[in-house]
Amino acid sequence: MRWSRVFRERTDSVCVLQRTDKVVVFGGGSFGTAMGVALARQKRDLNVTLLLRDPYVCKDINNTHVNTRYLKDHVLPENVTATTSLAEAIAGAQYAVHAVPVQHSRAFLQSIAGILPPDVPIISVSKGLEVGTGKMMSEVIPSALGRKQPAAFLSGPSFAKEVMDLRPTGVVAASRDPQLARDMQQLFASPFMRVNTTTDVIGVEICGALKNVLAIAAGIVEGLDLGHNAMAALVAQGCSEIRWLAEKMGAKPATISGLSGLGDIMLTCYGSLSRNRSVGVKLGQGLKLEDILAASNQVAEGVTTAGVVVGLARKYRVSLPVLTAVAQVLDGNLNAKEAVYEIMNLPQIEER
Ligand SMILES: NC(=O)C1=CN([C@@H]2O[C@H](COP(=O)(O)OP(=O)(O)OC[C@H]3O[C@@H](n4cnc5c(N)ncnc54)[C@H](O)[C@@H]3O)[C@@H](O)[C@H]2O)C=CC1
Ligand SMILES: O=C(CO)COP(=O)(O)O
C-alpha cells in the first residue's frame, strides 16, 4: 500500500506544478523576490510575476534580471518578470504569494479586491499583527477583501538571502483547508526547501509574528553585550511567553515547538541576517529608533507588532514581561538598560 501513497503523492506533486502556469507575487521586497525565485526555479516555463510599486526596479528586473533594490547580488531566473500594473500582474494567476508588510497589507488588499478573482488562493508569507485591530493576516485578508478567499500561510526559519542562495530551508504551510496546505507543499517543495503542512493557522501566524518581537529583545541583549548566559535565558523566557500567549489563542503545542515557532525563534534571535534582531542590537547600543528605521529600506515587522502584543497580553490576561518590555523600549518609556534591570528584578517565580 505504501508504494501507492508515494506514487499518488508524486503524481499529485507533478499535477500541482503541471497545472500551474502563473503565480503572482504581491510585494517585490527581499522575501517576495526570494519566494518568487524559489517558485520560478521549480519549472522553467512557470510565469512568476512580481507586482511592484517602483517602475525603475520593475525595469531593472525585466531588462537585467536583477532586483536592484533588494538582493541585488542575485540574477533572477528569466521566468521572473515584474510589473507595476495590478491587472497585468493578476491576469491568469492561479496563486498569489502575498509578501507585503503587514501594516501595508490592508490598503494593498483593498486596492486589488475588485481585480483578484475570489477563487485564487492567497499564500501569505507576511509575519506580524495589524496595528489598531490586532488582527493576523488570516483575519486581515477577508476583512480587507470583504469576502472569504482561499488562503495559506507559509512561515518558518527562512532568511530571504539564504533561500536565494539555495541553502537548505524548512518552512510550514498552514491552511484551514488541508488540501490547499498540501498543494502549497507540492508547489514549493524542492531539494532545497522542505515544506511541512498543518491546519494550525493561528499557531503559525502567532509564532511568526511574536518571534519578531523576541528577536528585537535578543538584539538588545547582544547590543548591550550581556553575554551568552543572558541571551540563552532571554530566548528561553521569550519562548515561554510565546507559548503562554499562543496556547491561550488556540495554537497547537506541535506548532510552537515546530518550524514556525522554535525554528524561526532560533533563526531570528541568533541569526545576524535578522532585521528585527539588528534593530534590537542598535537599540542596545543606544541608537534612537527613528534613526535606526530611517537608515534601512527594509521592514522589521516586530517594531509595529510589539505594541499589539501588549494589547493581547491584556486581553488574554497573560503576563509577558520580555515581549511587553520590547514595546516599552520601542515607545521610549524605558531605555535598554532599564528594561533589563526591570526584568532582572521581577519577583522570582516557579517555572511553568
Ligand atoms: N526578508 C526575509 O528574510 C523574510 C521576510 N518575511 C516577511 O515577508 C514580508 C515582506 O517583507 P520583506 O520582503 O522582507 O520586505 P523588505 O523589508 O525586503 O522590503 C519592504 C517591502 O515593503 C514594501 N512596502 C513598503 N511600504 C509599502 C506600502 N506602503 N505599500 C506596499 N508595499 C510597501 C516595499 O516596497 C518592499 O517590497 C514581511 O512580513 C516579512 O516579515 C518572512 C520571511 C523571511
Ligand atoms: O522571518 C524571517 C526569517 O524567518 C526574517 O526575519 P527578519 O524580518 O527579522 O529579518
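When a ligand or atom number is given, it counts from 1 through the structure's own listing order. In this chain, numbering begins with 1 at the start of the sequence shown. Fair warning: this is a prediction, and the values are worked out from it, not measured in the lab. Only this structure's heavy atoms are used, side chains among them; waters, hydrogens and symmetry mates stay out.
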Whether the N212 and T305 side chains hold a donor-acceptor pair (N or O, under 3.5 Å, no angle test) is what I'd like checked.
no
Could you pull out every N or O of ligand 2 that sits under 3.5 Å from a protein N or O, with the distance for each pair?
unit_1   : atom_1 : unit_2 : atom_2 : d
ligand 2 : 1 (O)  : K127   : NZ     : 2.9
ligand 2 : 1 (O)  : K211   : NZ     : 2.6
ligand 2 : 4 (O)  : K127   : NZ     : 3.0
ligand 2 : 4 (O)  : G156   : O      : 3.0
ligand 2 : 4 (O)  : S158   : N      : 3.1
ligand 2 : 4 (O)  : D264   : OD1    : 2.6
ligand 2 : 4 (O)  : D264   : OD2    : 3.4
ligand 2 : 6 (O)  : K211   : NZ     : 3.3
ligand 2 : 8 (O)  : R275   : NE     : 3.2
ligand 2 : 8 (O)  : R275   : NH2    : 3.0
ligand 2 : 8 (O)  : N276   : ND2    : 3.2
ligand 2 : 9 (O)  : S274   : OG     : 2.7
ligand 2 : 9 (O)  : R275   : N      : 3.3
ligand 2 : 9 (O)  : N276   : N      : 3.1
ligand 2 : 9 (O)  : N276   : ND2    : 2.8
ligand 2 : 10 (O) : R275   : N      : 2.8
ligand 2 : 10 (O) : R275   : NE     : 2.5

Is there side-chain contact between Q237 and I343, with heavy atoms separated by less than 4.5 Å?
no
Is there a side-chain contact between D264 and S155 (heavy atoms, below 4.5 Å)?
yes
For a quick check under 3.5 Å, do T197 and Q185 share a side-chain donor-acceptor pair by atom type?
no
Please check if any side-chain donor atom of T199 sits under 3.5 Å from a side-chain acceptor atom of K252, or the reverse.
yes
Give every residue pair that meets the ring-ring contact (aromatic ring centres under 6.0 Å, His included) criterion with at least one member in residues 116-146, sequence neighbours excluded.
none
Pairwise, report which nitrogen or oxygen atoms of ligand 1 are under 3.5 angstrom from protein nitrogen or oxygen atoms, and how far apart they are.
unit_1   : atom_1 : unit_2 : atom_2 : d
ligand 1 : 1 (N)  : S30    : OG     : 3.2
ligand 1 : 1 (N)  : R275   : NH2    : 3.2
ligand 1 : 3 (O)  : A160   : N      : 2.9
ligand 1 : 13 (O) : S30    : N      : 3.3
ligand 1 : 13 (O) : F31    : N      : 2.8
ligand 1 : 14 (O) : S30    : OG     : 3.2
ligand 1 : 14 (O) : R275   : NH1    : 3.1
ligand 1 : 14 (O) : R275   : NH2    : 2.9
ligand 1 : 17 (O) : R275   : NH1    : 3.1
ligand 1 : 17 (O) : V299   : N      : 2.7
ligand 1 : 18 (O) : S30    : N      : 2.8
ligand 1 : 18 (O) : S30    : OG     : 2.7
ligand 1 : 18 (O) : Q298   : OE1    : 3.3
ligand 1 : 19 (O) : Y70    : OH     : 3.4
ligand 1 : 24 (N) : R53    : NH2    : 3.4
ligand 1 : 26 (N) : R53    : NH2    : 3.4
ligand 1 : 26 (N) : H104   : NE2    : 3.4
ligand 1 : 29 (N) : H104   : ND1    : 3.1
ligand 1 : 35 (O) : R53    : NH2    : 3.1
ligand 1 : 37 (O) : G29    : N      : 3.0
ligand 1 : 39 (O) : K127   : N      : 3.0
ligand 1 : 39 (O) : E301   : OE2    : 2.5

Measure the acute angle between the ring planes of H98 and F108, then classify it against the limits of 30° and 60° as parallel, tilted or perpendicular.
tilted
Which atom names give the shortest non-hydrogen contact between R41 and V163, and what distance separates them?
NH1-O, 3.2 Å
Output all residues satisfying side-chain hydrogen bond (donor to acceptor under 3.5 Å, both in side chains) with S124, sequence neighbours left out; order by chain, then residue number.
none
